[in-house]
Amino acid sequence: MDRIEILPVYRKFFPPEESRDIEVIAERFGLDLSGRRQRSRLARAMLRDADGSGLDAFLKVYTYRSGPLSGWFRRCLGPREARHLLQFRRWGIPAAPVVGWGVRRSAGGLRRAIGFVITESAARATPLLEFWTGCDQPSDPERRLRLIADLAEQVALMHRRGFCHQDLKWRNLLVVPNPEPGHSPWVWIDCPNGYRSPIPWRLRHGRIKDLATLDKVARFRCTQEERMAFVRAYLGEAANPPRVAALAEAVVRYRRRRQDD
């Protein structure tokens, strides 16, 4: 039995028969789920309602084999990712709008478990790696510093809420070059592995990992001044020189030990 949830504002794009079957939804996006073994797949489609209105959306499908017990107790990444993106938006972090999600639990481990999440495409957004020039020829340095400060404040907000992203890579961040007034230039996508924890050491580890994951690319694409500006903006009012230096050192140390090739 498939469990599928489409948010009310988007249900007009999904006829009733589609909201009960994962394969039917996948076909709308051009995905065939039979006989495929990839852990995750991504597809994009323009969906139409009865009046012809369009919805540019992404479908991300997770599939995996499960054992007799894990088929029921293993975390389902599609609904989990939807929950995280919705939570980000409630906190004021500009995540991609969630359209819906669903899951098919494994029947005692005899068939693949499937989870999916559908998100609305971010209009005019560009992947950060494509948008950001290198540190040798930075265009519009003041704008870059504003973008860095915005992102650092969003990451700090997430961490203050006790949440660790665990996949905060440049490819999971989009930039809207010319956002509407009052809107953030950032769009967060792809967060299936995040977690909240009341354990202080686990939270600290997760936070440092998030910052180190960003720095893995930033060390090549940002100037040293920009990297330190991120740390200062992340710390906010607590950004005295010793704390800035200590956090920057901890991030670099973790990155070199755990992430550098």
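Numbers here simply count residues along the sequence, with the first being 1. Just so you know, these numbers use all the heavy atoms, side chains as well, and skip hydrogens, waters and symmetry mates.
The hydrophobic clustering, which links ILVMFWY residues whose side-chain heavy atoms are closer than 4.5 Å, places Leu203 and Ile93 apart. Under a hydrophobic-cluster definition in which Ile, Leu, Val, Met, Phe, Trp and Tyr are linked whenever side-chain heavy atoms come within less than 4.5 Å, directly or via other members, Ile208 and Val252 are assigned to different clusters. Under a hydrophobic-cluster definition in which Ile, Leu, Val, Met, Phe, Trp and Tyr are linked whenever side-chain heavy atoms come within less than 4.5 Å, directly or via other members, Leu42 and Leu59 are assigned to different clusters. Both Phe14 and Leu7 are members of a single hydrophobic cluster when ILVMFWY side chains are connected at heavy-atom separations under 4.5 Å. Under the 4.5 Å side-chain heavy-atom criterion for grouping Ile, Leu, Val, Met, Phe, Trp and Tyr, Val9 is connected to Ile118 within one hydrophobic cluster.
In this structure, Leu77 and Lys60 have side chains that are not in contact, with every pair of non-hydrogen atoms separated by 4.5 Å or more. Contact check for Leu173 versus Trp188: side-chain heavy atoms found under the 4.5 Å cut-off. The shortest side-chain heavy-atom distance between Leu86 and Trp101 falls under the 4.5 Å cut-off. Side-chain atoms of Gln166 and Asp210, non-hydrogen and from C-beta on, do get closer than 4.5 Å to each other. With contacts defined as side-chain heavy-atom distances shorter than 4.5 Å, the pair Arg41/Leu33 qualifies. With a 4.5 Å cut-off on side-chain heavy atoms, Ile4 and Ile22 count as touching. In this structure the side chain of His165 reaches within 4.5 angstrom of the side chain of Phe88, judged on heavy atoms. Considering only heavy atoms from C-beta on, Ile114 stays 4.5 Å or farther from Tyr62 through its side chain.
Ring geometry for Phe13 versus Tyr10: interplanar angle of 30 to 60°, hence tilted.
Between the side chain of Arg80 and the backbone N or O of Pro192 there is at least one donor-acceptor pair closer than 3.5 Å. Looking only at distances, a side-chain donor or acceptor of Arg221 sits under 3.5 Å from a matching main-chain atom of Trp132. Checked by atom type and distance alone, the side chain of Glu130 never pairs as donor or acceptor with a backbone atom of Pro127 at under 3.5 Å. Judged by distance alone, with hydrogens and angles left aside, the side-chain atoms of Arg28 form no donor-acceptor pair with the main-chain N or O of Leu47 at under 3.5 Å. The main-chain N or O of Asp51 is found under 3.5 Å from a side-chain atom of Asp49 such that the two form a donor-acceptor pair. Of the possible donor and acceptor atoms, none in the side chain of Arg258 sits under 3.5 Å from a partner among the backbone N and O of Lys209.
When all heavy atoms of Glu225 and Arg232 are compared, the closest pair comes out as O-NH2, 4.2 Å. When all heavy atoms of Ala152 and Ala233 are compared, the closest pair comes out as CB-CB, 3.6 Å. In terms of heavy atoms, His84 sits closest to Gly194 at CE1-O, 3.3 Å. The nearest pair of heavy atoms linking Arg227 to Ala218 is CD-O, 3.9 Å. Between Asp2 and Arg104 the shortest heavy-atom distance is OD1-NE, 2.5 Å. Across Val117 and Gly78, no two heavy atoms sit closer than the pair CB-O, 3.6 Å.
From Leu168, atom CG reaches atom CG of Asn193 across 12.0 Å, with rounding to the nearest 0.5 Å. Residue His159 holds its NE2 atom at 5.0 Å from SG of Cys164, rounded to the nearest 0.5 Å. Atom-to-atom distance recorded for Leu157:CG and Tyr234:OH is 10.5 Å, nearest 0.5 angstrom. If you take CZ on Arg143 and CG on Leu145, they are separated by 12.5 Å, rounding to the nearest 0.5 Å. Note that CG of Asp56 is 8.0 Å distant from CD of Glu120, once rounded to the nearest 0.5 Å. In this structure, Leu211 CG and Arg207 CZ are separated by 10.0 Å, a value rounded to the nearest 0.5 Å.
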Chi angles and distances behind the side chain to side chain contact (heavy atoms under 4.5 Å, CB included) call for Asp215, Phe230: CA-CA 10 Å; Asp215 194 56; Phe230 180 93; over 6 Å; no

Could you walk me through whether Ser121 and Arg44 pass side chain to side chain contact (heavy atoms under 4.5 Å, CB included), step by step? CA-CA 8 Å; Ser121 173; Arg44 183 176 185 177; 3.0 Å; yes

Tell me, with the steps shown, if Leu214 and Val155 meet side chain to side chain contact (heavy atoms under 4.5 Å, CB included). CA-CA 10 Å; Leu214 287 171; Val155 176; 4.3 Å; yes

Using the side chain to side chain contact (heavy atoms under 4.5 Å, CB included) rule, take Val61 and Phe29 through it: C-alpha gap first, then chi angles, then the decisive distance, then the call. CA-CA 11 Å; Val61 177; Phe29 287 84; over 6 Å; no

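Within 6.0 Å of CZ in Arg204 there are 12 or fewer heavy atoms belonging to other residues, nucleotides or ligands. In the displayed structure, Arg90 atom CZ is contacted under 6.0 Å by more than 12 heavy atoms of other residues, nucleotides or ligands.
Cluster note: Ile189 groups with Leu174, Val176, Val187 through ILVMFWY side-chain heavy atoms spaced under 4.5 Å, whether in direct contact or through intervening members.
Annotation: side-chain hydrogen bond (donor to acceptor under 3.5 Å, both in side chains) contacts involving residues 178-187, sequence neighbours excluded, comprise Gln154-Ser184. Residue pairs meeting the ring-ring contact (aromatic ring centres under 6.0 Å, His included) criterion with at least one partner in residues 195-214, sequence neighbours excluded, are His205-Tyr254.
Between Glu5 and Arg11 there is a salt bridge, since at least one side-chain N of the basic residue sits less than 4.0 Å from a carboxylate O of the acidic one. Salt-bridge formation is detected for the pair Arg255/Asp260: a Lys NZ or Arg NE/NH1/NH2 atom is positioned less than 4.0 Å from an Asp or Glu carboxylate oxygen.
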